[in-house]
K.L.:
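Structure below; questions to follow.
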Amino acid sequence: MKRLHELCLRLMDGELPPAEAEELDAIIAADPAAEARFLELMDLHHGLIALAPETPDTRRVMQRVWRSEASAALRSVRSRVRRRRSRPRTSVLPLALAAVALVAVGLVTLAVTGRDRPVAPITVPVAEGPIESPATDAAVARAQFADGGERRLEPGSRIAVDQPTRVHRLADATVAALEPGAVLVIDGAASWTLVAGRGSWSVAAQAPDSPYVVALPHGRVTVLGTAFDLEATPGWSEIRMLSGRVSVRASGSGETRELAAGETLRLDVRSFVDPDPALLAAWDFTAEAAPLVDTRSGWALEPEAPERIELGSAGLRLREPVRLVSREAGAAISRAIRERDAFSVVLRLVPDTGEPDFDIRRVGAARILSLSTDSHQRNLTIGQGEMRAGWEALSVRLRHAGGHSNGLPAVVVPGGMAGAVAFDLLVSYDRQGGLRIYRDGSLIEQRADLGSLVDWSGSMPLVIGGEIGVPADEMRPWTGTIQHLRIFDRAMAPQDLQSQDE
Amino acid sequence: MTSTDPIRSVLDGQLDRFEELIAASHESVWRCVAGIGLDRETTRDVVQEAFVEAYRQIDTFDPDKDFGAWVRGIGRNLARKEIRRRSCHYRHQERYRQHISQRFEKAEEPDERLAALRRCRERLNPDARAVIDRYYAEDQPIDGIAASLKRSAAATKQLLWRARMALRKCIEAQPEVAT
C-alpha cells in the first residue's frame with residue numbers, strides 16, 4: 001500500500017511519468033483492495049477540488065455566447081429578409097424591423113460585454129465629437145445611434161462612433177451596421193470609406209451604371225448586389241461575403257478579384273493576402289504597428305509589466321522576468337489543435353547567453369512559450385534548459401494521450417538552444433510523424449512514440465516568457481529576443497514554411 | 001417595466017443580466033461538475049460550456065423553476081460526454097472513468113459526499129487545513145506553499161499527504177456516506 005500511496009500522490013500532483021503509471025496499473029490490477037483504495041483517493045482528491053470553486057469568468061462566458069449566437073442570428077435574419085425582398089408585394093417591414101432589432105440587440109450586447117477580440121491601435125486622427133459635416137449639401141445618408149439619436153449626413157461627413165450605429169443610405173435600403181470604434185467617411189451618395197473598425201453591410205440591388213462602392217485602407221469594394229462584413233486594421237483589410245458577389249480591387253497592386261458568398265478575402269498594403277488556412281496565429285514582433293497583435297486573428301498579447309519589454313526592429317526583447325499572456329488566443333489555439341490533432345510552432349529567436357537566476361534542477365526549464373495554467377498542467381511548453389542536459393538544452397513538454405498532464409517527461413535536445421545569433425525553431429506534431437523539432441531547417445530531434453492530443457485542455461492561456469499561475473519569483477523566466485511567432489494546426493516541414501515565405 | 005429578477009429580465013431581453021445568473025449559480029454548478037470526478041481544467045471548461053449552453057436554450061427555461069438546478073443538469077450531461085470522449089491509455093484512468101460513469105448510472109448527487117468532506121476538513125489541525133486550502137482552494141504549487149510555510153518541498157508534500165489520509169479516515173467514519 002505504501003507504494004500505491006506514493007504513486008497516487010504523484011498522480012494527484014501531476015508528476016507521474018509513464019513508467020510509474022504502468023506500475024500503478026499493475027498494482028491495482030493485482031490487488032482489488034489496492035484498486036478500491038486508489039478509487040477512494042481519487043474521489044477524495046476530486047472532492048477537494050469540488051469544494052474549492054474558482055471565481056467565475058463571466059466576461060469570458062458572455063464573449064463566447066455573443067460570438068456564437070449573434071452571428072448566427074444576424075445571418076439567419078438577413079437571409080430571410082433577402083428572400084422576402086425577392087417576392088413582389090410582400091411587406092418586408094416586420095422582418096426588417098426584426099433584423100434591425102437583432103442587430104441592435106447583438107451590437108448593444110457586444111458593446112456591453114466587450115469585444116471578443118482586440119482591435120489593433122488605430123492612428124487615424126478622430127475628430128472631436130461624433131460627426132464632422134460640411135454645411136449645406138443635401139444629406140445622402142442617415143446615422144441612427146444605439147442610444148436613439150439620429151443625424152443626417154451630407155457628402156464629406158466623417159463619423160467616428162463609440163456606440164453601435166446604423167448608417168442608412170437615403171437613395172435605397174442599403175445599410176451599414178457599424179461597431180463601436182468604427183470610422184466611416186461619406187464620400188458621396190454612392191461611395192463611402194471605412195477608414196477603421198468593423199461593420200456589416202447589407203446592400204440593396206444596384207443599377208449596373210451606378211454601382212455602390214465602399215473603400216478600405218488597402219482596396220475598394222464595388223457592390224454588385226449583396227451582403228458582406230468588412231474589417232479595417234492598420235495592417236490589413238478583410239471582406240467576408242455573406243451573400244451575392246462583389247468585385248474587390250487591391251490598391252497596392254491594382255489587381256481585382258471577385259468574391260462570392262461564403263468567401264473571405266484579405267488585403268494588405270501590397271495586394272491580396274492568401275494565408276494558409278492552417279495558420280492560427282502570427283506575430284511579427286519586428287513590425288512598427290501593433291507588434292503584440294496577431295495579424296491572423298487579432299489576438300493581443302498583454303505584458304504583465306509593459307515597462308519590462310522592449311519592442312523595436314530587433315523584435316520582442318525580454319531583458320527582465322516578464323510574462324505576456326493571451327487567454328483568448330490560448331483557448332482558441334488549444335481547441336483548434338486538439339480538433340486537428342496536429343500543430344506547428346515556428347519561432348525565430350535569440351536566447352540570452354549566461355545562466356539563469358533560478359535553479360533549473362529544481363523547477364525545470366525556462367519557459368519560452370507555453371499553453372499552460374500553472375506548473376502542473378500544460379498542453380505544451382517550449383523551454384530552455386533541463387537538469388541533466390544543461391542550460392543550452394531545448395526542452396519540449398507535450399501533453400498527449402498516454403502521457404502526463406504536465407507534459408512530462410520532456411523531450412530534451414542537448415545544445416538545441418546554443419548560440420547567441422538568431423535562429424529558426426520549428427516544433428511540429430501529428431499522429432503520423434510524431435514530434436519533430438527543426439533548427440534552421442535541420443531535423444534535430446524526432447519522437448514517434450507519442451499519443452494523440454485528444455486530452456488537451458481547451459482553456460489554457462498562451463504565455464510568453466514565463467510560467468503562469470505561480471508567484472512572480474517562481475515563474476521560470478526566459479530572457480532573450482523573439483522576432484516572429486506563428487502557430488498552425490497542422491504539422492509543417494521547413495520546406496512548407498519556405499514556400500509560404502516566398 | 002423593468003424586472004428586478006435577473007431571470008425574467010434576461011427572458012425579457014436584458015441579456016447583460018445573464019452575468020448575474022452566472023455569478024449566483026457558478027459555485028453550485030462547479031461543485032456538481034467537479035464532484036463527478038473531473039480534473040480542474042476540465043471542470044472549468046465544462047462549467048463555462050454549461051452556462052453558454054444555458055444561454056442558448058434560455059427561451060426554453062421556465063422562470064418559476066430553479067435556474068441553478070437547470071444549469072447543473074446541463075453541466076452533468078456535458079461532463080458525461082467529456083468522460084466518454086476522453087482517451088484512457090492506462091488501466092487506472094479507465095478504471096476511474098468506469099467508477100465515475102457508474103455514478104451517472106446511479107444518478108448519485110455529490111452533495112452528501114461533499115458535505116462529509118467539508119465537515120472533515122473543518123476537523124483538521126491548523127497546519128493540515130492550511131496546506132489543503134492553499135493547494136486546493138488557492139491552487140498554489142507545492143513550492144509556493146513550502147515557501148510560505150517555511151518548510152521544505154518534501155516536508156510540505158508529506159504534510160499534504162497526511163492531511164489527505166486524515167480526511168480519508170474521517171470520511172470512512174461518517175456513517176451516512178456510502179463508500
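Reminder, nothing fancy here: chain letters follow the sequence lines and each chain counts from 1.
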K.L.:
Against chain B, work out which of A:Pro471, A:Ala21, A:Gly451 has the most heavy-atom pairs shorter than 4.5 Å and name it.
P.N.:
A:Ala21

K.L.:
Do you know which of B:Arg164, B:Glu27, B:Arg44 has the most heavy-atom pairs under 4.5 Å to chain A?
P.N.:
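The option with the most such pairs is B:Arg164.
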
K.L.:
Non-hydrogen atoms of chain B under 4.5 Å away: do they reach the side chain of A:Arg10, the backbone, both or neither?
P.N.:
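Neither part.
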
K.L.:
Looking only at the side chains, is there a donor atom on one of A:Asp147 and A:Gln163 sitting less than 3.5 Å from an acceptor on the other?
P.N.:
yes

K.L.:
Could you tell me whether B:Arg119 and B:Glu122 have a side-chain N and a carboxylate O separated by less than 4.0 Å?
P.N.:
no

K.L.:
Side chain, backbone, both or neither: which part of A:Asp374 has a non-hydrogen atom closer than 4.5 Å to chain B?
P.N.:
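For A:Asp374, side-chain heavy atoms alone lie under 4.5 Å from chain B.
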
K.L.:
Under 4.5 Å from any heavy atom of chain B, what part of A:Ala29 do you find: side chain, backbone, both or neither?
P.N.:
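Backbone plus side chain of A:Ala29, per the 4.5 Å heavy-atom cut-off to chain B.
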
K.L.:
Under a 4.5 Å heavy-atom cut-off, does chain B meet the side chain of A:Ile27, its backbone, both or neither?
P.N.:
neither

K.L.:
Going by heavy atoms in the side chains, are A:Ser375 and A:Glu474 under 4.5 Å from each other?
P.N.:
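No, too far: nothing below the 4.5 Å cut-off.
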
K.L.:
Under 4.5 Å, counting heavy-atom pairs only, tell me which of A:Val470, A:Leu44, A:Leu11, A:Leu39 racks up the most with chain B.
P.N.:
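Between A:Val470, A:Leu44, A:Leu11, A:Leu39, the count favours A:Leu39.
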
K.L.:
With no hydrogens and no angle check, do the side chains of A:Tyr429 and A:His400 hold a donor and an acceptor under 3.5 Å apart?
P.N.:
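No, because no side-chain N or O of A:Tyr429 sits under 3.5 Å from a partner of the opposite role on A:His400.
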
K.L.:
What part of A:Ser459 gets within 4.5 angstrom of chain B, counting heavy atoms only: side chain, backbone, both, or neither?
P.N.:
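Both parts, backbone and side chain.
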
K.L.:
Can you name the ring-ring contact (aromatic ring centres under 6.0 Å, His included) partners of B:His26, sequence neighbours left out?
P.N.:
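In terms of ring-ring contact (aromatic ring centres under 6.0 Å, His included), with neighbours along the sequence ignored, B:His26 is linked to no residue.
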
K.L.:
Cut-off 3.5 Å, side chains only: do A:Ser457 and A:Gln377 have a donor facing an acceptor?
P.N.:
no

